[in-house]
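Here's the structure, in structure tokens; my notes come after.
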Amino acid sequence: MRADALRNAEKIVRAARDVYAEQGPDAPLDEIARRAGVGIATLFRRFPDKAALLRAVLDQQFTQQVLPVIERALEDEDPRRALTSVIEAALTSAADEHHVLTAARNAGIFTSETSARFFDALDPLVTRGQQAGVIREDLVPDDLKRVMGMLVSVLWTMDPAEGGWRRYVTLVVDGLSPAAATPLPNPSPPLLRRHQT
């Protein structure tokens, strides 16, 4: 990509984050283009539809807000603290950008590929915690995906800026501890989405 095209893409993504934060999940693309200082045609050349733009926004959000915490957590000697910090970073990011998440959910772009980078990074943290005896051994990868889904869904029930979601992070992290844990029933397999023709 040419340098000017790269700069335009960056300006568009940054503008999208600002406009969604101010106007909500139904923010118009023409306002995003205007705020980025580009024409709507330039926006569509780089992002052919709203879903492509939202993917870029989510990718930037993850790279800037969550990935640095994951990198630090991988170096943290306390596996429980490391896992907790990553979960909190993800929820902080989701709370800060809840209108982007709502727009992405409405656009149907949340797939296993969308979240793979995040959950792939959690796997070694969980394994370390299980080996250290601070994360329950019967936790499987799908459990964490569903737990994170539950935690994100808490944001839709309150003002995310208030930080009340932190209470539920604490409850969940305590539930991941093997202390006084009761055996879990067998995990359910993930639902396979059928493509309609």
Side-chain angles (χ1 to χ4, degrees), residues 1-76 82-125 144-145 148-149 151-156 159-163 165-166 169 193 195:
M1 192 183 309
R2 293 184 343 245
D4 61 330
L6 194 57
R7 278 191 305 275
N8 281 342
E10 177 62 30
K11 288 191 310 188
I12 292 167
V13 170
R14 212 170 28 250
R17 289 175 76 176
D18 292 343
V19 172
Y20 279 116
E22 294 166 14
Q23 297 187 16
D26 298 321
L29 294 178
D30 57 344
E31 175 59 19
I32 293 168
R34 188 193 68 71
R35 185 80 59 92
V38 301
I40 193 74
T42 299
L43 184 147
F44 279 116
R45 263 193 307 280
R46 180 61 187 107
F47 304 102
D49 56 29
K50 189 175 188 175
L53 176 58
L54 286 165
R55 279 194 223 42
V57 170
L58 291 172
D59 186 58
Q60 183 186 77
Q61 176 185 347
F62 177 82
T63 300
Q64 291 178 351
Q65 296 178 299
V66 181
L67 191 57
V69 177
I70 290 170
E71 290 167 353
R72 285 191 302 275
L74 290 170
E75 301 298 320
D76 193 330
L83 181 61
T84 302
S85 69
V86 172
I87 291 171
E88 286 177 345
L91 266 289
T92 297
S93 179
D96 290 348
E97 310 260 1
H98 66 280
H99 289 311
V100 170
L101 289 184
T102 301
R105 186 179 63 179
N106 293 346
I109 68 166
F110 284 124
T111 64
S112 58
E113 293 81 30
T114 309
S115 58
R117 280 175 69 195
F118 176 71
F119 289 111
D120 289 348
L122 285 185
D123 287 344
L125 297 173
L144 210 47
K145 291 175 183 173
M148 288 304 299
L151 287 171
V152 169
S153 72
V154 167
L155 298 175
W156 317 133
D159 179 356
E162 294 294 321
W165 54 267
R166 292 181 188 281
V169 170
R193 295 191 178 181
H195 297 285

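We're numbering straight along the sequence, starting at 1. The figures that follow rest on heavy atoms only: side chains count, while hydrogens, waters and symmetry mates do not.
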Could you work out, with side chain to side chain donor-acceptor pair (under 3.5 Å) as the rule, every residue matching Asp59, not counting sequence neighbours? Arg117
Apply side chain to side chain contact (heavy atoms under 4.5 Å, CB included) to Thr92 and Trp165, showing your working. CA-CA 9 Å; Thr92 297; Trp165 54 267; 3.2 Å; yes
Of all heavy-atom pairs linking Arg17 and Gln60, the shortest is NH1-OE1, 2.8 Å
Show, in sequence, the C-alpha distance, side-chain angles and deciding distance for Tyr20 and Thr102, and conclude whether the side chain to side chain contact (heavy atoms under 4.5 Å, CB included) test is met. CA-CA 10 Å; Tyr20 279 116; Thr102 301; over 6 Å; no
Quick one: which residue pairs count as a salt bridge (charged side-chain N to carboxylate O under 4.0 Å, His left out) with a foot in residues 29-44, not counting sequence neighbours? Glu22-Arg35, Glu31-Arg34, Glu31-Arg35
Take Leu144 and Phe118 through the side chain to side chain contact (heavy atoms under 4.5 Å, CB included) test and state the conclusion after the steps. CA-CA 11 Å; Leu144 210 47; Phe118 176 71; over 6 Å; no
Thr42: side chain to side chain donor-acceptor pair (under 3.5 Å) partners, not counting sequence neighbours: Arg45
Selection residues 83-96 - residue pairs positive for salt bridge (charged side-chain N to carboxylate O under 4.0 Å, His left out), sequence neighbours left out: none
Ala121: what forms a side-chain contact (heavy atoms from CB on, under 4.5 Å) with it, not counting sequence neighbours? Ile70
Drop me the distance from Asn8's CG to Lys11's NZ, to the nearest 0.5 angstrom. 5.0 Å
Residues that Ala82 engages under side-chain contact (heavy atoms from CB on, under 4.5 Å), provided they are two or more places apart: Ala73, Asp76, Leu125, Arg128
Please report the closest heavy-atom contact between Phe47 and Ala56, naming both atoms and the distance. CE2-CB, 3.5 Å
Arg14: side chain to side chain donor-acceptor pair (under 3.5 Å) partners, not counting sequence neighbours: Glu10
Who passes salt bridge (charged side-chain N to carboxylate O under 4.0 Å, His left out) against Asp26, sequence neighbours left out? none
Can you name the closest pair of heavy atoms from Met148 and Ala90 and give their distance? CE-CB, 3.9 Å
Sorted by chain and number, sequence neighbours left out, side-chain contact (heavy atoms from CB on, under 4.5 Å) with Ile109 holds for Ala51, Leu54, Arg55, Leu58, Ala104, Ala107
Would you please name every residue forming a side-chain contact (heavy atoms from CB on, under 4.5 Å) with Ala33, sequence neighbours left out? Val38, Ile40, Leu43
Over all atoms of both residues, closest heavy-atom pair of Leu91 and Leu151: CD1-O, 3.6 Å
Residue pair His99 / Pro25: nearest heavy atoms and the distance that separates them: ND1-CD, 3.2 Å
Could you pull out the closest heavy-atom pair between Leu155 and Ala94, with the gap in Å? CD1-CB, 3.5 Å
